[in-house]
Amino acid sequence: MPERTPYIAANWKMHLTRAPAVQLARDVVAQLADVTGAEVVLCPPATALDAVGRVLAGTRVLLGAQTMHWEDHGAYTGEISAPMLVDLGCRAVILGHSERRSYFGERDEEVGRKTRSAVVHDLLPIVCVGESLAEREAGSTLRVVQVQTERALEGVSRELAPGIVVAYEPLWAIGTGKVATTEQAQEVHAFIRGLLSNLHGETVAQRMRILYGGSMKPANAPDLLGQKDIDGGLIGGASLESRSRVTNTAPPFEPRDVSTSALDRALMSYPASAAYAWGRRKRPTRCPGTPPAARQRPAAGGSRAT
Ligand code: PGA
């Protein structure tokens with residue numbers, strides 16, 4: 001069974017025009033130059049995809065988009081399709097983010113269509129699922145996550161499923177500074193892996209990566225990423241900070257429980273680099289009984305940064 005390569009996605013949302021986006025991308029590339037053992041994808045706004053893509057070309061850092069349409073082309077004013085994103089050099093796309101669901105009415109069925117289109121075009125979909133505070137308080141977290149996950153993955157073949165990443169993002173933790181406890185997050189992640197196993201079998205489920213998202217930053221990333229079923233992060237607000245920005249202000253992040261070499265401290269200035277620390281601390285997850293020689297490259301969209 002292959003190990004699961006940690007995956008860190010930076011969601012810049014509707015922030016940054018081209019010049020600051022290019023600057024931040026350059027900072028990230030420089031900071032992560034020595035980082036191996038993790039895949040990092042930057043997802044700038046659509047207007048900066050081309051410019052940021054030029055910075056990332058030939059580096060280990062991947063380019064991703066924040067949404068797309070499920071059709072390849074057509075009369076869909078304002079939309080962007082998978083082939084268009086591929087043409088810009090995108091390797092991944094965030095789908096079904098809760099902000100798209102709540103502000104733009106995106107439904108599970110559309111998320112499923114988009115997911116199928118992305119995998120067909122060799123774009124790695126980062127499929128977001130998660131419950132609201134009211135749903136958590138009503139005890140329906142697992143049910144909500146189950147429906148969202150199953151609908152998003154509907155119709156995806158077992159062969160293509162490992163090319164999908166699921167991101168568990170409790171809505172109450174997004175942009176609020178409130179982070180799920182490691183126990184809360186691990187419980188839902190293990191549940192999602194069980195769903196993936198029911199859908200595609202245990203071997204495929206063990207290959208698929210499940211990210212946590214919601215107020216993740218260097219201070220809490222190592223604990224979250226240390227959980228058995230948490231394979232990376234989808235990071236919003238904190239991913240807009242880079243070492244150069246941070247050192248110009250009071251450092252907001254206190255790295256802890258990680259190696260304290262100067263390199264580590266520098267790397268921890270960008271949240272994506274938490275994967276670096278994690279990669280060094282945690283043994284890769286393998287299915288019992290499978291020799292390391294059976295390791296495979298990560299599925300579609302994920303191999304360049306390893
Ligand atoms: P946050 O956003 O890290 O700012 O909470 C995460 C997300 O919306 O993907």
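Sequence positions, counted from 1, serve as the residue numbers for this chain. Fair warning: this is a prediction, and the values are worked out from it, not measured in the lab. Heavy atoms only: backbone and side chains are in, while hydrogens, waters and symmetry mates are out. All ligand and atom numbering here is 1-based and tracks the order in the structure.
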For residues 187-199, pull every pair meeting side-chain hydrogen bond (donor to acceptor under 3.5 Å, both in side chains), keeping only residues two or more places apart or in separate chains.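 For residues 187-199, and leaving out neighbouring residues, the side-chain hydrogen bond (donor to acceptor under 3.5 Å, both in side chains) pairs sorted by first residue read R193-D229, R193-D231, S197-E202.
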
Can you tell whether the side chains of R113 and E109 come within less than 4.0 Å, N to carboxylate O?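 Answer for the salt bridge query: yes.
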
Considering only NZ, NE, NH1 and NH2 on the basic side and carboxylate oxygens on the acidic side, decide whether R151 and E154 come within less than 4.0 Å.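 Salt bridge flag = no for E154 with R151.
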
Side chains of K178 and S215: closer than 4.5 Å at any heavy-atom pair?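 When only atoms from C-beta onward are counted, S215 and K178 do not touch, as no gap falls below 4.5 Å.
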
Write out all pairs satisfying salt bridge (charged side-chain N to carboxylate O under 4.0 Å, His left out) with one or both partners inside residues 10-22, taking only residues at least two apart or from two chains.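 Of all non-adjacent pairs touching residues 10-22, those that pass salt bridge (charged side-chain N to carboxylate O under 4.0 Å, His left out) are K13-E99.
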
Could you tabulate the donor-acceptor pairs under 3.5 Å formed by side-chain atoms of residues 71-80, not counting sequence neighbours?
| from | atom 1 | to | atom 2 | distance (Å) |
| --- | --- | --- | --- | --- |
| D72 | OD1 | H121 | NE2 | 2.9 |
| D72 | OD2 | H121 | NE2 | 3.4 |

Can you list, by chain and residue number, every protein residue with a non-hydrogen atom closer than 4.0 Å to ligand 1?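 Residue list for ligand 1: N11, K13, H97, E169, A173, I174, G175, G214, S215, L234, I235, G236, G237.
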
